Every structure is written in C-alpha cells, then in structure tokens.
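Heavy-atom basis, side chains included; hydrogens, waters and symmetry copies ignored. No experiment lies behind these values; they were computed from the predicted model shown.
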Amino acid sequence: MNRQSAQIPVNASSIFEHLLAGRASCRAFTPEPVPEHTIRRILETAQLTASWCNSQSWQVAVTRGAGTERLRDAMYAVASTGATEETDIPFPREYRGVHLERRRASGFQLYNALGIERRDRARQQEQALQNFAFFGAPHSAIIHTDEALGPYGAVDCGGYVSNFLTAAAAHGVGSVAQAAVAMYPSVLRRELGLDEDRTIVCGISFGYPDVDHASNSYRTSRAPIDEIVDWIDS
C-alpha cells in the first residue's frame, strides 16, 4: 500500500458518493450568512483541485454582507433592462439531441415545482432574473482565470467549481453554479475591480438552503453510464 492510499479512509468512496448524490443546485436561500471559518474550509478543500500542470488557474472573488448586496443590485439592475453583452466565454451555439432533452427536462421540473405554466413567459422571465439576485443567497463567488490560458484555464475552473459545490455540501451549505452571472462581464469587472485580461467563467451563489421553498423540492436525474461510456477493448 502506498502512502497516498494509506491516508484515504476505508469509507471514503461511500462518503463521496453520498455527497454527490445528495447535492443539488439550490435556488432559494435563507439570509443567514455562512461563518467565515466555514467558507474558508470550503475554499481550502476546493483549492486541492487538480489542474493542468498544477497551474491552479482559478481566481475567486467571494462576496459577503454589503459586498453581496452591492453586486446583487448592480447585476439585477442591468439584467432587468434586457441588455446583452458579449461574454468572455461563448455560450453554447445550440442545444441539440439528448442535450436539448436534458435541458428541457430540467427546466420543466423547475417550472412545475414553482407552478409556472410552460407558456407563461412573464413568470419564466421573472424566475430567470432570480439568477442575478443570486436567488437570495448571502454570498456569491465569481470564478475567473487568466485569458492567456485559453480553454484549459476554463477546464481547470470547471474542476474547481465542482469541488467547491461538493465541499459546500459537506458543510451543509447550499450552492448553485451559474453561467448566467457571466452574461455581464463589464458589470463584474467594474464592481469587482477585475482587469480586462481576466476571463470570467461563472458564478456560484451559496448559503444555507431554504428547505421549504418549492424550487428546492425536486431533483434532476442522471443518465446511466451505458449512455455515456464507450468501452474500447481492442
């Protein structure tokens, strides 16, 4: 047994599976702030993320208190106008095939939980705007990277985001990763003091979940591995 495996608890795999299976995107939070020592533990765990050449490509702006309110107000104000900007990372050109099916299923689950009819565009838009209010979360984390790192910097950030979400779950903290927040890079740069050479990847809203809110009452499914994996034996 090598040194690394000797340090791994015998029940580590079941704990990890439990955290992944139990975690879900939280879209309603209580106003209670997360203690700084808990946030630091989440950040320290996420910092263990593997990265390309150990470049640790991510940089994180974490808001709290008045900082969250200032950013929330700025983001919601611009989003409410319907304005658009060119994002640092292009959004998908289109969703098609099974990806479209999964996206629709997820959206319909949310609308059904909230009692929003599929043709009620006004309420759908109102719900979409909650992205920019951080779903009422007391904290946000804006993930950005050096633009010179290109796609691999964003790939590293994706691993970091995933581990942040899982670490948060381990501490009883709800979270949701949000590409929508990256729709207004000029606002984020202005409010967070980010330079033009920073690529804004996404945001994470986090805090303690409002367990009684309808938007937190459902769970999305995952495809079986036989739909995802091709075994190459020769």
Side-chain angles (χ1 to χ4, degrees), residues 16-28 49-52 57-58 79 82-132 134-135 141-145 147 149-166 168-169 174-185 199-206 214-234:
F16 186 59
E17 290 169 10
H18 176 77
L19 286 171
L20 288 182
R23 194 212 69 79
S25 293
C26 182
R27 291 184 173 85
T49 299
S51 60
W52 195 261
S57 309
W58 48 84
T84 60
E85 291 186 16
E86 182 177 353
T87 57
D88 291 352
I89 297 176
F91 274 39
R93 187 181 71 254
E94 65 175 314
Y95 289 89
R96 57 192 182 190
V98 69
H99 307 297
L100 178 60
E101 294 171 8
R102 293 169 185 161
R103 184 174 189 259
R104 283 177 171 169
S106 175
F108 289 150
Q109 281 184 278
L110 174 61
Y111 294 155
N112 289 340
L114 295 173
I116 299 175
E117 298 292 334
R118 295 187 181 185
R119 296 184 179 181
D120 191 342
R121 301 302 184 191
R123 286 196 64 195
Q124 291 175 15
Q125 179 62 21
E126 179 183 343
Q127 177 60 31
L129 283 173
Q130 291 307 305
N131 275 284
F132 306 100
F134 308 146
F135 299 109
I142 306 302
I143 314 300
H144 54 101
T145 187
E147 64 85 20
L149 296 173
Y152 286 105
V155 169
D156 286 345
C157 288
Y160 179 90
V161 169
S162 180
N163 287 334
F164 184 107
L165 303 180
T166 306
S175 60
V176 57
Q178 298 170 269
V181 173
M183 290 174 64
Y184 297 104
T199 294
I200 296 168
V201 178
C202 69
I204 303 172
S205 293
F206 67 99
S215 63
N216 290 331
S217 66
Y218 72 95
R219 295 293 182 268
T220 55
S221 63
R222 295 295 183 271
I225 63 169
D226 286 343
E227 291 184 16
I228 305 300
V229 179
D230 295 319
W231 301 97
I232 311 301
D233 295 319
S234 61

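Qualifying ring-ring contact (aromatic ring centres under 6.0 Å, His included) partners for Phe134, counting only residues two or more places apart in sequence or in other chains: none.
With hydrogens and angles disregarded, a donor-acceptor distance shorter than 3.5 Å links the side chain of Gln124 to the backbone of Glu117. Side-chain atoms of Asn216 come within 3.5 Å of backbone N or O of Ala28 as a donor-acceptor pair. Asn131 places no side-chain N or O within 3.5 Å of a backbone atom of Val181 that could act as its donor or acceptor partner.
Counting only heavy atoms from C-beta outward, the side chains of Trp58 and Thr49 approach each other to under 4.5 Å. Counting heavy atoms from C-beta outward, Tyr160 and Ser57 have side chains that stay 4.5 Å or more apart. Side chains of Arg23 and Leu19 form no contact here, defined as non-hydrogen atoms less than 4.5 Å apart.
Contact between Ala223 and Ile228 at its shortest, heavy atoms only, is CB-CD1, 4.0 Å. Nearest heavy atoms, Arg123 versus Gly115: NH1-O, 3.1 Å.
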Residue pair Thr220, Gln109: steps toward the side chain to side chain donor-acceptor pair (under 3.5 Å) verdict = CA-CA 8 Å; Thr220 55; Gln109 281 184 278; 5.4 Å; no
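Taken to the nearest 0.5 Å, the CZ atom of Arg102 stands 12.5 Å off from the OH atom of Tyr95. If you take OG on Ser217 and CG on Leu110, they are separated by 9.0 Å, rounding to the nearest 0.5 Å.
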